[in-house]
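Notes for the one structure printed next.
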Amino acid sequence: MFIRSAVGALCAGLIASSAVAAERIEFMFPAPVQGKLSREMQKLVKEFNSSQDGVEVVGVFTGSYDDTKVKSQAAAEAGKPPAVVLMSANFATELAMNDLIVPIKELAGDTDLDGLMQEFWPAVRPNAYFNGDVYSIPFQNSTPILYYNKEHFKEAGITKAPETWAEWVDAAKKLTKPEGERWGIMMPSNYDYNGWLVQALTMANGGQFYNNVYPGEIFYDHASTQGALKFWRDFAHQHKAMPTGVTNSKQVSTSFFSGKASMIVLSTGALTFVRENAKFDYDVAFMPRNIRNSVPIGGASLVSFKGTTDAQKKGAWEFISWLTSPEKIGHWSRFTGYFAPRQTAYDLPEMKKFTAEHPDALRAVEQLAYAGPWIATYNTVAVRKAVEDEMQALLSDPELTFREAAARAQKNADAVLAPYAEQTALTLK
Amino acid sequence: MKPDIKKWLAPGALLAATMCAVVFLWSTPFLWMLIASFRPDAGGGLGMASLFPDFTPTLQSYRYAIEDGYWPLWFLNSTILVTGTLVVQLVTISLAGYAFARIRFPGKEAIFYIFLLQLMLAPPVLIVPNLTTLVHLGLYDSLIGVMAPYWGSAFGTFLMRQTFRTIPKDFEEAAIIDGASWWQVLRYVLIPLSLPGLTAFSIVSVVYHWNEFLWPLMVINDPDKMVLTVGLVSFAQGAEGASDWGLIAAGTLFIMAPLFIAFTAFQRQFVNSFMSSGVK
């Protein structure tokens, strides 16, 4: 007891002796693309800390997007809410719904948030709002995009990147070499990526995938999603242009680099990584369409958990404002390959110079005109997993039909959504 | 000259060949990792998946791994973590094992089975309750917080109970007649005779905590308290894009090196401890 109070007194003395006590806040961030990023992020945190002395940010590495959610949520429930978290953009809805994160206006004082959001691309805005309030500030965003090996295209006599699903299938078949020597197309079908790509295909097939106004509805057993499931499975079983079974994103990129896959679908967030590792002439193109051009947004936004002090909130906003300034957000975009969600970042001279040198970095930005929000529902991960399980089964089992798979995905997802629907849409509010 | 086929088909040689094949299959991942760590352009150059080193080896991946990681700090933290966990565990499991093996008290069997139920719980289920407890105890974001939940080990208690029960009561009775108290019996008779069991448990514990990822990730925020596994992931993981396999391989070899060296050096003792803790 004595020792403890002695230590306490000592600490208090130390804190009091430093002239300005900086407010310490925690910033949790994942490294979703490559480890080099977490080092760069720590550098940014250090830069912010030395730029002012009111706030001291502690950068906390948190693993993958899903681990980040578990860690920050567990910390908040245990009574240690993190002030700033870089969270998968589609989790904000659910966290807001469960009252775990605060609306940004609680941090931002008299900043005009709606005005600020106007500086961000229209496509990234819906995921930032819930019930009319801004709950997250977009920081690193992506869309799925088609990377292709131009040398293989030339060899197969294909002159341009496929724009429609019919052209896509045709190209994939032409590019495939037998016995698994080379695959025409590969797409990651591990969890998280899987649901994102099913949504991308559904949107390209004219669908909505989920109700982006009411987070208690999902459209798996609808023609547009069924078509997406069928289209993806057919690459593997009917056209034999894609390996069967579950393929993760690492296998996809490795196969692309080694020339074993001619076209791949990956996040634009992997662009810098591909640029550094592809030792051949490659290019990126829009995701091909069936009914229309459309892709979901991906990536991560900054949120703040409930239960922090006012001083921490103020510090959190200072850090968020600094990190999402056009200069910093542009720097991060150039370093990673994610597009900058803040449009004004593209007006800066450094960005203009960079995109002139690397026009492939603009493809995702151009595709934004056709982009929509990312699946965000009540209990997002479980709802997403319902369709991912079925998509993985379709890729592994040639006997399973897309209709059965879609119906089962719908049934399982509806069961997850049922409690929320009962309490909201099925009840007088 | 014709090769002597009969000699080659002798049962002994056949068995040896089969065993070599099994060993090769079993060690493939390790061999691949070793090769990948020396491969240039391991981001996925041609023949990335090949087991045959068809390239000029390079130390580039190791250089990057050393540059990117704060290895001395991570090694120190991991060492503190496994030692701190193990030392307390050895004390608690010996005492608990002794209680369950030798002391008579009401409800002993029932309590023992409830204790064993702990083994059925998947660790992720306990993340939030354990974290809440740690926050209340003021141990959040500390290495002691990472260790604390493991200080009582159901597996260890079970193992020690079984080990103590295999020791004939005559030894203890002799000691008691000489005037030894219960803790002297434990300290001077039972523990020395159970060393193989304790060693076996230590190995399992050290390997488990050395390699553990999720729990340290949840508890630790301060970069200065990061352990090896979290540290490796922080610079080598890639979920949305891809990973630099060479870097991951090199980093993984760093992490496993101390355990690998210890096992190679003390192989015989380790194997013996497993043999004698099970049988006897």
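Being a predicted model, the structure only gives us computed values, none of them experimental. Naming convention: chains lettered A, B, ... in sequence-line order (proteins, then strands); numbering from 1 in each chain.
Proximity to chain A (any heavy atom under 4.5 Å) is restricted, for B:Leu214, to the side chain, taken from C-beta onward. Within the 4.5 angstrom heavy-atom criterion, only side-chain atoms of A:Gln42, from C-beta onward, approach chain B. Both the backbone and the side chain of A:Val70 come within contact range of chain B, each with at least one heavy atom under 4.5 Å from a heavy atom of that chain. Using a 4.5 Å cut-off between heavy atoms, A:Thr62 contacts chain B through its backbone alone, with no side-chain atom that close.
Summarising the geometry of B:Tyr140 relative to A:Ala75, their closest heavy-atom pair is OH-CB, 3.3 Å, with the distance given to 0.1 Å. For the pair A:Lys80 and B:Val135, the tightest heavy-atom approach, listed with the atom from each and the gap, is CG-CG2, 3.7 Å. Residues B:Pro223 and A:Gly59 share a closest heavy-atom pair of CG-O, 3.6 Å. Between B:Val128 and A:Glu77, the shortest heavy-atom contact is CG1-OE1, 3.4 Å.
The number of heavy atoms from other shown groups lying within 6.0 Å of OH (B:Tyr70) does not exceed 12.
Here the side chains of A:Val58 and B:Asn221 are not in contact, with every heavy-atom distance at 4.5 Å or above. Proximity of B:Ile127 to A:Lys71: side-chain heavy atoms (C-beta onward) are nowhere separated by under 4.5 Å.
With chain A as the partner, the residue from B:Leu217, B:Thr132, B:Leu131 showing the most heavy-atom pairs under 4.5 Å is B:Leu217.
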